[in-house]
Amino acid sequence: MGLCRLTFRESQFVDLCILLGCDYLDPVPKVGPTTALKLIRDHGSLEKVVEAIENDPKEKYKLPDDWPYTDARELFFHPDVKPADDPACDFKWEKPDTDGLIQFLVTEKGFSEDRVRSGAARLEKNLKSAQQQRLEGFFKVIPKTEDEKKAAKRKAEEKSEAARKKFKEEKKEKAKAKAKPRGA
């Protein structure tokens, strides 16, 4: 592994991630990886970047409304997690709360009641079996179309042909190298 030339501190990396958008915040519009890196390098910290953006008379960048970057940084450095041996982390599979699922998924989120009930029934049924169901059991597998099959076959043939050409070229190069006299 090569040495990294960046002289970033851990906090600067987190600031870079926050500036680009993370699980906790939206990204700053018009700020991509290169611009974010330049801003962090130029200003040193996210607070100074925010200050520079807010005081920029040209208003080149605009921070999203309600952008609590300090809270996001706090979550990166001090996540609210419990140790695995904590009693709250002792999970047991029990019968699904179908009424609660319907209340949340159907009433509040607009899902189909039939789908929620059938999913809950499958979960309940699987509680009785010792073997975990495969992921494909929850989704309908859609077969590939003829066009998709042809495209995949064509790509495989192109890849195979490229590999054959590369092999031939390497073979020629080796033969050429062997033909040269030593020390030349």
Side-chain angles (χ1 to χ4, degrees), residues 1-86 88-91 93 96-97 100-116 118-120 122-123 132-145 147-149 151-152 154-156 158-159 162:
M1 234 186 227
L3 293 174
C4 182
R5 290 192 142 154
L6 291 176
T7 56
F8 259 28
R9 293 185 320 267
E10 186 178 270
S11 62
Q12 286 178 312
F13 179 73
V14 169
D15 289 351
L16 179 74
C17 295
I18 291 170
L19 199 55
L20 291 170
C22 60
D23 288 349
Y24 313 119
L25 292 174
D26 292 331
V28 175
K30 299 182 185 176
V31 174
T34 304
T35 304
L37 184 60
K38 182 183 181 323
L39 288 169
I40 293 293
R41 281 189 173 157
D42 290 350
H43 300 286
S45 71
L46 190 55
E47 284 82 8
K48 291 180 181 173
V49 170
V50 168
E51 185 179 313
I53 290 173
E54 288 174 343
N55 295 331
D56 182 17
K58 296 179 184 177
E59 295 183 3
K60 187 173 181 179
Y61 307 110
K62 183 174 179 356
L63 297 173
D65 295 332
D66 188 31
W67 201 63
Y69 63 92
T70 54
D71 295 339
R73 184 187 292 128
E74 182 65 23
L75 285 170
F76 273 106
F77 289 114
H78 304 286
D80 183 20
V81 294
K82 296 185 184 321
D85 58 356
D86 188 288
C89 295
D90 188 24
F91 300 110
W93 284 104
D97 177 11
L101 286 170
I102 289 171
Q103 170 63 34
F104 177 71
L105 293 173
V106 177
T107 308
E108 295 178 28
K109 301 297 179 187
F111 281 71
S112 163
E113 186 172 345
D114 292 338
R115 290 188 68 192
V116 172
S118 69
R122 276 187 285 163
L123 284 172
Q132 183 175 348
Q133 187 175 359
R134 295 179 52 91
L135 186 61
E136 292 89 8
F138 287 90
F139 303 99
K140 180 180 178 186
V141 178
I142 301 171
K144 289 185 177 181
T145 65
D147 290 338
E148 289 172 329
K149 288 179 187 176
R154 181 181 44 78
K155 285 181 185 177
E158 288 173 356
K159 189 175 180 181

Nearest 0.5 Å please: distance from the [atom1] atom of [X] over to the [atom2] atom of [Y].
X     : Y     : atom1 : atom2 : value
Ser11 : Leu16 : OG    : CG    : 11.5 Å
Ile53 : Lys60 : CD1   : NZ    : 10.5 Å
Gln12 : His43 : CD    : NE2   : 12.5 Å
Phe76 : Asp15 : CZ    : CG    : 10.0 Å
Leu46 : Trp67 : CG    : CH2   : 4.5 Å
Leu20 : Asp26 : CG    : CG    : 12.5 Å

key: For the student: nearest non-hydrogen atoms of Cys89 and Pro83, plus distance   = SG-O, 3.5 Å
ask   = Shortest non-hydrogen contact from Pro96 to Ala120?
value = CG-O, 3.6 Å
ask   = If you draw a 6.0 Å radius around CD in Glu59, do more than 12 non-hydrogen atoms from other residues or ligands fall strictly inside?
value = no
message = Please tell me whether Tyr24 and Tyr69 form a close aromatic pair, meaning their ring centres lie under 6.0 Å apart.
response = no
Non-hydrogen side-chain atoms of Tyr61 and Thr35 separated by less than 4.5 Å = yes
inquiry  = For Glu51, is there any backbone N or O sitting under 3.5 Å from a side-chain donor or acceptor partner on Asn55?
reply    = yes
query = Would you say Ser118's side chain and Arg115's backbone share a donor-acceptor pair under 3.5 angstrom?
reply = yes
query = Is it true that Arg73 and Glu47 make a salt bridge, defined as a side-chain N closer than 4.0 Å to a carboxylate O?
reply = yes
